[in-house]
Amino acid sequence: MVELIITEKPSSAQKVAEALADTKPIKKKNKQSSYYELTHNKKEIIVTSAVGHLYGLVEDKKKGWTYPVFDIKWTSSDLMSKELKYVKDYIDTISMLAKKAKEFTVACDYDIEGEVIGLNVVRFACKQKDANRMKFSTLTKPDLVAAYEHKMNHIDWGQANAGETRHKLDWYYGINLSRALTSSVKAAGSFKIMSAGRVQGPTLKLLVDREREIEAFKSEPFWEIGLWGTYKKDEVEAWH
């Protein structure tokens, strides 16, 4: 039974392959991406990688530049930007290798973004509903071997759901408010791309409130009194 391990970056795939291989792993190329074939305790394993986020959120049925929009879906990043055409090679490689595998393991960075990257690769490129999960904090051989030997038999759904929710909120809040602001500027007779976001908007509000407090500040006269005393003569002198 062949196991497919997916990492977040090509450099991580090499580290995982070298750490788990009984002997030296065999590196193979497919277009711009690569993968490693090896055996671990005589078990056949293939290690390949994503290259960061292979999928992003877009409007499901785009109807011009309107707002608010809540019908969104995940799609491969190469369809979102010409600069991300190389992403297709990684997706094609993972899809090809998935057809050979019977077991799947996510070995992306163990954080929320890594979990979302792994989740999307598993469900869209591998056509699976779940996968094993390796948890490691360093790419040293002892850590990687221990992470493999003690891997979870499911994705960390807490992190995965939290990550996907954050991406969707970023889209709902950021895209819709940015379009609304831009449209309001245009309606006023000008045009400028305005930007707002889940973090950017509240942060700007804090800055605006603070700036208004500064502008509204009215100085008032005040006095300082200095006191000096000498112990020898028990004299105290005061001035203002």
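Side chains are part of it too, since the values below use all heavy atoms of this structure and drop only hydrogens, waters and symmetry mates. Predicted model only: the values in this text are computed from it and were never measured.
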Checklist entry - Hey, quick one: are L4 and Y35 part of the same hydrophobic cluster, counting side-chain heavy atoms closer than 4.5 Å, chains of contacts allowed? => result yes
Checklist entry - Quick one: ring-ring contact (aromatic ring centres under 6.0 Å, His included) partners of H40, sequence neighbours excluded? => result Y148
Next on the checklist: Under 4.0 Å between a side-chain nitrogen and a carboxylate oxygen: does that hold for E215 and R212?
Outcome noted: no
Item to check | Considering all heavy atoms, the nearest F104-A131 contact | outcome: O-CB, 3.4 Å
Next on the checklist: Could you see if I45 belongs to whatever hydrophobic cluster contains F136? Use Ile, Leu, Val, Met, Phe, Trp, Tyr and a side-chain cutoff under 4.5 Å.
Outcome noted: yes
Checklist entry - Does E18 reach the side chain of P25, with side-chain heavy atoms less than 4.5 Å apart? => result yes
Checklist entry - Closest approach of M134 and A147, non-hydrogen atoms and distance? => result CG-O, 3.8 Å
Item to check | Shared hydrophobic cluster for V121 and V116 (ILVMFWY, side-chain gaps under 4.5 Å) | outcome: yes
Item to check | Residue pair V58 / K73, side-chain heavy-atom distance below 4.5 Å | outcome: yes
Item to check | Co-membership, hydrophobic cluster, residues L204 and V199, 4.5 Å side-chain | outcome: no
Checklist entry - Which heavy atom of G114 sits nearest a heavy atom of C108, and at what distance? => result O-CB, 3.4 Å
Next on the checklist: Is there a side-chain contact between R133 and I155 in this structure, where contact means two heavy atoms from C-beta onward sitting under 4.5 Å apart?
Outcome noted: no
Next on the checklist: Just checking D209: does its CG atom have more than 12 heavy atoms from other residues, nucleotides or ligands closer to it than 6.0 angstrom?
Outcome noted: yes
Next on the checklist: In the structure I gave you, are the side-chain heavy atoms of V122 and D130 within less than 4.5 Å of one another anywhere?
Outcome noted: no
Checklist entry - What residues form a side-chain contact (heavy atoms from CB on, under 4.5 Å) with T182, not counting sequence neighbours? => result W65, F191, I193, M194
Checklist entry - Okay, side chain of R198, backbone of W171: is any donor-acceptor separation there less than 3.5 Å? => result no
Checklist entry - F70: what forms a ring-ring contact (aromatic ring centres under 6.0 Å, His included) with it, not counting sequence neighbours? => result Y172
Checklist outcome for this item: For S76 and D78, the nearest pair of non-hydrogen atoms, with its separation, is OG-OD1, 2.8 Å
Next on the checklist: Once ring-ring contact (aromatic ring centres under 6.0 Å, His included) is applied, do any residues pair with Y55, and if so which ones, sequence neighbours excluded?
Outcome noted: F124
Checklist outcome for this item: Residue set satisfying salt bridge (Lys or Arg N to Asp or Glu O under 4.0 Å) with E113, at least two apart, ordered chain then number -> R166
Item to check | Value rounded to 0.5 Å, distance of CD in Q32 from CG in D92 | outcome: 11.0 Å
Item to check | Side-chain heavy-atom pair K168, I72 within 4.5 angstrom cut-off | outcome: yes
Checklist entry - Should V69 and I175 count as side-chain neighbours, where that means a heavy-atom distance under 4.5 Å? => result no
Next on the checklist: Quick one: does any side-chain atom of S178 pair with a main-chain N or O of A196 as donor and acceptor, under 3.5 Å?
Outcome noted: yes
Checklist entry - What distance do E103 atom CD and N153 atom CG have between them, rounded to the nearest 0.5 Å? => result 10.0 Å
Next on the checklist: Let me check something: do L20 and I6 share a hydrophobic cluster, defined by ILVMFWY side-chain heavy atoms less than 4.5 Å apart, either directly or through other members?
Outcome noted: no
Checklist entry - Looking only at atom types and distance, does a side-chain atom of S33 sit under 3.5 Å from a main-chain N or O of N30, one as donor and one as acceptor? => result yes
Item to check | D170 side-chain N/O to G197 backbone N/O, donor-acceptor pair under 3.5 Å | outcome: no
Checklist entry - For atom NZ of K43, is the number of surrounding heavy atoms from other residues, nucleotides or ligands below 6.0 Å larger than 12? => result yes
Output a table of donor-acceptor pairs, distance under 3.5 Å, between side-chain atoms of residues 94-102 and any protein atom two or more places apart or on a different chain; print 'none' if there are none.
residue : atom : partner : partner atom : Å
S95     : OG   : I91     : O            : 2.9
S95     : OG   : A125    : O            : 3.3

Checklist outcome for this item: Distance col, row L57:CG vs S77:OG, nearest 0.5 angstrom, shows 10.0 Å
Checklist entry - Can you check whether T7 reaches K15 side chain to side chain, under 4.5 Å on heavy atoms? => result no
Checklist entry - Is the closest side-chain heavy-atom distance between K9 and S49 below 4.5 Å? => result no
Next on the checklist: My understanding is that only one of N176, L177, L169 makes a side-chain contact (heavy atoms from CB on, under 4.5 Å) with Y173; could you say which?
Outcome noted: L177
Next on the checklist: Would you say CD of E83 has more than 12 non-hydrogen atoms from neighbouring residues, nucleotides or ligands within 6.0 angstrom?
Outcome noted: no
Checklist entry - Under 3.5 Å, is there a donor-acceptor pair between the side chain of T105 and the main chain of I5? => result no
